[in-house]
Amino acid sequence: MVPETNGSYYAVIFSSERTEGDNGYSIMADKMEQMAGWQPGFIGVESVRDSSGAGITISYWESLEAIRNWKQNPAHLAAQEKGKQEWYQNYKVKICKVEREYSF
């Protein structure tokens with residue numbers, strides 16, 4: 001669950017389709033989530049994946065600068081490259097500003 005925030009923030013929406021087999025993906029995904037949590041400006045993350053391999057991960061950030069810094073993290077760059085080579089058939093990234101949130 002993502003902590004509620006006061007004011008606007010940013011969401012990075014990563015939708016993907018996985019290749020077959022784990023091939024070390026789960027270990028790397030856990031490591032990346034842990035490392036993202038150490039990054040200044042990180043708020044939280046939510047992720048779902050269905051049995052066909054389609055998934056959506058949304059990470060939440062305080063600023064565009066925080067997102068840029070995470071994208072350039074050396075370990076994250078290595079994971080991105082491995083993802084292109086081995087783990088994903090395709091993916092799409094969207095960066096959105098969240099103006100307001102509410103829940104029930």
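When a residue number appears, it is its place in the shown sequence, counting from 1.
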Can you tell me if [X] uses its side chain to pair, donor with acceptor, with the backbone of [Y] under 3.5 Å?
{"X": "W87", "Y": "N23", "answer": "yes"}
{"X": "N69", "Y": "Q72", "answer": "no"}
{"X": "Q89", "Y": "R18", "answer": "yes"}
{"X": "T19", "Y": "E86", "answer": "yes"}

Would a single hydrophobic cluster contain both [Y] and [X], if residues Ile, Leu, Val, Met, Phe, Trp and Tyr are joined by side-chain heavy-atom contacts under 4.5 Å?
{"X": "W38", "Y": "I27", "answer": "no"}
{"X": "Y60", "Y": "I13", "answer": "yes"}
{"X": "M32", "Y": "V93", "answer": "yes"}

Between [atom1] on residue [X] and [atom2] on residue [Y], distance to nearest 0.5 Å:
{"X": "I58", "Y": "K94", "atom1": "CD1", "atom2": "NZ", "value": "10.0 Å"}
{"X": "L64", "Y": "Y10", "atom1": "CG", "atom2": "OH", "value": "4.0 Å"}
{"X": "N73", "Y": "M35", "atom1": "CG", "atom2": "CE", "value": "4.5 Å"}
{"X": "Q34", "Y": "K31", "atom1": "CD", "atom2": "NZ", "value": "9.0 Å"}
{"X": "E17", "Y": "S52", "atom1": "CD", "atom2": "OG", "value": "6.5 Å"}

Quick check: are there more than 12 heavy atoms from other residues, nucleotides or ligands sitting under 6.0 Å from CD of E65? no

Can you spot which of R100, K97, E62 makes a side chain to side chain contact (heavy atoms under 4.5 Å, CB included) with S8? K97

Any side-chain heavy-atom pair from R49 and S16 closer than 4.5 angstrom? yes

Taking the six-membered ring for Trp, are Y25 and Y88 parallel (under 30°), tilted (30 to 60°) or perpendicular (over 60°)? perpendicular

If every non-hydrogen atom of A66 is compared with every non-hydrogen atom of G41, which pair is closest and at what distance? CB-CA, 3.9 Å

Verify whether the ring centers belonging to W61 and F42 lie closer than 6.0 Å. yes

Sequence neighbours excluded, the answer for side-chain contact (heavy atoms from CB on, under 4.5 Å) partners of S15 is I56, K92

